[in-house]
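Structure first, commentary second.
Heads up: numbering here begins at 1 and tracks the sequence. Atoms within a ligand are numbered from 1 in the order they appear, just like the ligands themselves.
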Amino acid sequence: MTTDKKAYRAAIVHSIADPAEVVVEASYEYFEDGLMVVENGKITAVGHTRDLLGKLASDVEVVTYKDALITAGFIDTHIHLPQTGMVGSYGEQLLDWLNTYVFPVERQFADPAHAAEVSDIFIKELLRNGTTTALVFGSRHKESVDAFFTAAEKLNLRMIAGKVMMDRNAPDYLVDTAESSYVDSKALIERWHGKGRLHYAVTPRFAPTSTPEQLSLAGQLMTEYPDLYMQTHISENLKEVEWVKELFPERKNYLDVYDHFKLLGERSVFAHGVHLCDQECERLAETGSAIAFCPTSNFFLGSGLFNLPMAERHKVNVGLGTDVGGGTSFSILQTLNEAYKVMQLQGAKLSPFKSLYLATLGGARALRLEDKIGNLHEGTEADFVVMDFNATPLLSYRMKQATSIEEKLFVLMTLGDDRTVSETYSAGVLVHKR
Ligand code: GUN
Ligand code: ZN
């Protein structure tokens, strides 16, 4: 095999620890004039150009970016493929919004051609925004996941997805049965889980749309295969929380429904968690489960303010989710912009380095993939983004006033969006160029 070696020179920053757990200076590495060496899809060195350039063989190509910042590819720990075409739908909160807008568009994914068309648009949109890994809800139809993985595999992306399981409290045209959801999920696991950089996630939509029989079979899948993911929604909206109490009166709280069916664990990601109590956070931490914090969605659907400090107190892993189409942007930068405001409204702060952590290493930790993605350490996969300081006239002018990396990061996260991401690389291959 021939070696494919290349080096990238720019300002480079990456998150190496959670700022909630170490002094902030120990949470990141920054190289103002940095060099990152990539060989066969992996990072083999990162550091100051002055230390690394001289050691590089003279025939190795060095790609230089001016006024740009390289960091690890962004990680979106909660997003819905079939909702791409209804993002920005007016006027409702969660339960009415699902009935009015979501279920009708998800119905279309029974058609493989439609699923393939949207998968293509969806993946392009992720990459345009610098997102190199996502934990993705398909629709109830296994065709949706086949289409998504087929498209992701072509680009050798590290992606996780699953077919939605939902056997009640939804239109007849969209429900499966406990048995069919088990069989369909199993077929997808056999076909895709562990193929290349792809992983499967068992995906019960949320407690109200699954019978106890279905949740029990979801738990059974988790024990039948090693390293499967589990994704679902929890405690997003107060009416939803009340409904879960009515449907499962014997369980102590919302999380306990999932716990009862053996759906908690190190690869389990619960979206939202806006209205969780201390006891639930404690149990999430104890089981190594993670929360996907989805600020644009929580604002858009009027769901509430996620209590990040509470999750931190309990040492729960937290990643960031766009939750498109409840969320309003594919951009992790825009998602951070809104996350900052969620903290402000609670009298708390979200530092630029905590934001960087949430967007990269925190997401990787939530997914137990920090040895592969979410940072730029030697040996990790070369999934990274190049952010252009001159992406817009205002950004360009504002960045000229910024002196520290902290300030630069904050401006990128506040003013930045898809335009800011000039290039996206996956396993060392350029997969998006603006
Ligand atoms: N809860 C159950 N299904 C959904 C969904 O599709 N989006 C959001 N935001 N919450 C949900
Ligand atoms: Zn969601």
Worksheet item: Checking Gln346 side chain against Phe306 main chain: does a donor-acceptor pair fall under 3.5 Å?
Response: yes
Response to the item:
The closest protein heavy-atom partner of atom 10 (N) of ligand 1 is Glu236 OE1, 2.7 Å
Fill in: Side-chain (Asn298) to main-chain (Ser303) donor-acceptor, under 3.5 angstrom
no
Worksheet item: Restricting to N, O or S atoms of His78, which is nearest to the Zn ion (ligand 2)?
Response: NE2
Worksheet item: Just wondering, is there an N, O or S atom on His233 that's nearer than 2.8 Å to the Zn ion (ligand 2)?
Response: yes
Item to complete: Answer yes or no for Glu240: is there a heavy-atom contact with ligand 1 below 4.0 Å?
Response: no
Worksheet item: When you measure from the Zn ion (ligand 2) to each N, O or S atom of Asp323, which atom gives the shortest distance?
Response: OD1
Worksheet item: Is the closest basic N to carboxylate O distance between Glu282 and Arg313 below 4.0 Å?
Response: no
Practice prompt. Look at the N, O or S atoms of Cys294, main chain and side chain alike, and state whether any lies under 2.8 Å from the Zn ion (ligand 2).
Written response: no
Worksheet item: Any donor and acceptor pair, going by atom type alone, linking the side chain of Asp256 with main-chain N or O of Lys252 inside 3.5 Å?
Response: yes
Worksheet item: Got a salt bridge between Lys354 and Asp18, using NZ or NE/NH1/NH2 to carboxylate O under 4.0 Å?
Response: yes
Worksheet item: Do Glu224 and Lys186 meet the salt-bridge criterion of a basic N to acidic O distance under 4.0 Å?
Response: yes
Fill in: Proximity to ligand 1 by part of Asp323, non-hydrogen separation under 4.0 Å
side chain
Discussion item. Check the orientation of Tyr8 and Tyr425. Use parallel for under 30°, tilted for 30 to 60°, and perpendicular for over 60°.
Written reply: perpendicular
Worksheet entry | Interfacing atoms of ligand 1 (cut-off 4.0 Å, heavy-atom, His272) | 9 (N)
Fill in: Carboxylate-amine/guanidinium proximity below 4.0 Å for Arg434 and Asp388
yes
Practice prompt. Taking only heavy atoms of Gln83 into account, list the atoms of ligand 1 that are under 4.0 Å away from them.
Written response: 5 (C), 6 (O)
Worksheet item: Is Trp97 in contact with ligand 1, taking contact as a heavy-atom separation below 4.0 Å?
Response: yes
Discussion item. For atom 3 (N) of ligand 1, what's the nearest protein heavy-atom neighbour? Residue, atom name and distance, please.
Written reply: Arg205 NE, 2.9 Å
